[in-house]
Structure formats: structure tokens, C-alpha cells
Amino acid sequence: MTNEELTSSNVHDVRTQRIEVSFRTDSAETNSTVTSSELEAADDEEKAEESESHVETFRGFEQAFNQLVTENEEERVIDVALNTIHAIIRNATSNPNRRSLPMNTERFSREVASVSGGIEILKAVGFVELHDENGNSLTYQFDETTTPAWVYEALDHIRSYRIRNVNLRDMAAQAATRRLQHRRERRRRTGNSGSR
């Protein structure tokens, strides 16, 4: 049947047609009849399993992220680590030449490895630790076409946290500046009124 021969009345018939599935095992040939709705149900089940896996994997990222931002006391250390981790993930997802990262560099050790949760975040988004003659490295296991969507969500999560933190620091700095200006103004007024 060609596409032109399909009419609205027989589209339903095509969707619910039975599909003969034949497969051969070592001992015999088996025939099975499967409806297209059963295939759709199996596809839906597979999507649900992927969704559950997505949630679990993103949970792993969130745990590592929370570890980084709660177990490290210095805000500067957290900022530098998140900035570096964000750049590493962004580069790995977009550039095939940046998927492998040596772990023995001074910068990586200082900015990521020495920070609680740093390496855990990278592993949670798809980096695996490899050992070879050059030492240890982290290698991103996906490429541009296979990177799961939640990895980009993780990147957005890191970026949003950093932006929110910068905004909070800016607001705190502005409030401190206003308090200082208010104190100076009060001193100036009390100094002027006391000299009269």
C-alpha cells in the first residue's frame, strides 16, 4: 500500500495491524504476533525507564553539587571550583579534543581535586577515571550526539548557582556600602552639630 492509498478510514487499520515477528533460536524458529499498540507500550516503558535513569543520575549530580557547596567553607574556593568544572563540562560536551583531562596538573589539583565534591560532580555527569602510563585522567564518555539532556541541565544548574551567588554578593556589597555611607553621614552630622 502506498502513501497515496492511505485514507483517513484505513489509517486506524494500519496503526493496529498485527506485525509478524520471526526469530530463530538455536533449537527452533519461533513466530510471534505483536500488535503495534504492544510495540508502542514497550517503547513507552523504555522511555519511562530512561526517565527514571535520568532522575537517578541527576540526583547523583545534585548530591555531589550539594557536597561541594556545603562542605567547602571558603566562597572563593567554591566559585573557582564551579567555574572550572563548568568550563570542563562545557568543553567536553562540545569539543572532541577536550574530552580527556589529566588529573595530575597543578591547576586541576588546586581547583577541582582538592575541593570536596569536585571530582564527584565530574564523575556524576559522565567522566570516568582512567589509568595509563601518563598517569590518571578523567575522560568524558559521551560525545555531542550522545550527551544526555540532563548534563546540559547540570551545566545550567551550575551557571544559575554562580549567577545567583554573584548577585547575592553584589547585593551584600551594596548594602554594606549603604551602611558605611549612612554611618559617615551620621558622623558628619553629629560632628557638625557638636562643634556649634
Side-chain angles (χ1 to χ4, degrees), residues 21 23-26 32 34 38-170:
V21 178
F23 55 94
R24 184 162 188 76
T25 62
D26 289 340
S32 177
V34 180
E38 289 172 324
L39 288 174
E40 288 173 7
D43 190 40
D44 290 344
E45 187 177 311
E46 186 178 311
K47 287 179 184 175
E49 287 173 7
E50 284 177 15
S51 178
E52 286 177 27
S53 173
H54 162 85
V55 168
E56 273 307 306
T57 309
F58 194 76
R59 245 186 231 132
F61 162 77
E62 284 180 321
Q63 289 173 343
F65 181 86
N66 289 336
Q67 177 184 349
L68 190 144
V69 298
T70 59
E71 292 183 10
N72 298 289
E73 294 179 15
E74 293 183 41
E75 197 63 41
R76 173 95 174 110
V77 169
I78 295 169
D79 285 346
V80 169
L82 289 176
N83 186 46
T84 303
I85 290 167
H86 187 271
I88 289 168
I89 297 169
R90 188 186 65 240
N91 287 338
T93 58
S94 62
N95 185 343
N97 298 324
R98 306 290 298 266
R99 294 204 193 334
S100 187
L101 177 71
M103 295 175 67
N104 59 356
T105 66
E106 182 183 328
R107 181 177 179 198
F108 181 82
S109 296
R110 181 181 66 246
E111 295 179 5
V112 179
S114 66
V115 178
S116 178
I119 290 179
E120 290 82 356
I121 288 177
L122 292 173
K123 287 181 176 180
V125 298
F127 282 85
V128 291
E129 193 170 342
L130 301 176
H131 311 278
D132 61 15
E133 65 277 353
N134 297 326
N136 295 347
S137 65
L138 285 173
T139 301
Y140 189 62
Q141 63 183 339
F142 304 109
D143 61 28
E144 298 91 0
T145 60
T146 61
T147 294
W150 65 264
V151 172
Y152 298 106
E153 291 174 32
L155 278 170
D156 287 344
H157 191 76
I158 293 170
R159 191 175 65 74
S160 296
Y161 177 87
R162 290 177 54 230
I163 289 170
R164 187 178 69 243
N165 248 13
V166 167
N167 290 341
L168 289 174
R169 278 196 308 267
D170 288 348

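Everything numeric in this text was worked out from a predicted model, so none of it was measured.
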Rounded to the nearest 0.5 Å, what separation is found between the [atom1] atom of [X] and the [atom2] atom of [Y]?
X    : Y    : atom1 : atom2 : answer
Y161 : D79  : OH    : CG    : 7.5 Å
H131 : N136 : NE2   : CG    : 5.0 Å
T147 : Q141 : OG1   : CD    : 9.5 Å
I78  : T70  : CD1   : OG1   : 8.0 Å
F127 : T139 : CZ    : OG1   : 8.5 Å
M103 : L130 : CE    : CG    : 10.0 Å

Note, [X] side chain near [Y] side chain (heavy atom, < 4.5 Å):
X    : Y    : result
V115 : I85  : no
L155 : R159 : no
P102 : F108 : no
Y140 : L122 : no

Practice task
Describe, in one word, how the ring planes of H157 and F65 are oriented to each other, choosing from parallel (under 30°), tilted (30 to 60°) and perpendicular (over 60°).
Solution key: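 Rings of H157 and F65: perpendicular, as their planes differ by over 60°.
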
Practice task
Assess whether side chain to side chain contact (heavy atoms under 4.5 Å, CB included) is satisfied between N91 and L101, documenting all intermediate values.
Solution key: CA-CA 11 Å; N91 287 338; L101 177 71; over 6 Å; no

Exercise for the section: Return each pair, listed once, that meets salt bridge (charged side-chain N to carboxylate O under 4.0 Å, His left out) where at least one residue sits in residues 85-104; pairs must be two or more places apart or across chains. Expected result: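 Counting only pairs at least two positions apart or across chains, the salt bridge (charged side-chain N to carboxylate O under 4.0 Å, His left out) contacts touching residues 85-104 are R99-E144.
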
Practice task
Heavy atoms only: give me the nearest G117-L68 pair and the separation to one decimal.
Solution key: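 Result for this residue pair: C-CD1, 4.0 Å.
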
Practice task
Could you pull out all residues at least two apart from T84 that satisfy side chain to side chain contact (heavy atoms under 4.5 Å, CB included)?
Solution key: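 Once residues adjacent in sequence are excluded, the partners of T84 under the side chain to side chain contact (heavy atoms under 4.5 Å, CB included) criterion are V80, I88, R107, E111, V112.
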
Handout entry: Residues forming a side chain to side chain contact (heavy atoms under 4.5 Å, CB included) with S116, sequence neighbours excluded
Key =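 Per chain and number, S116 pairs via side chain to side chain contact (heavy atoms under 4.5 Å, CB included) with Q67, E71, N72.
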
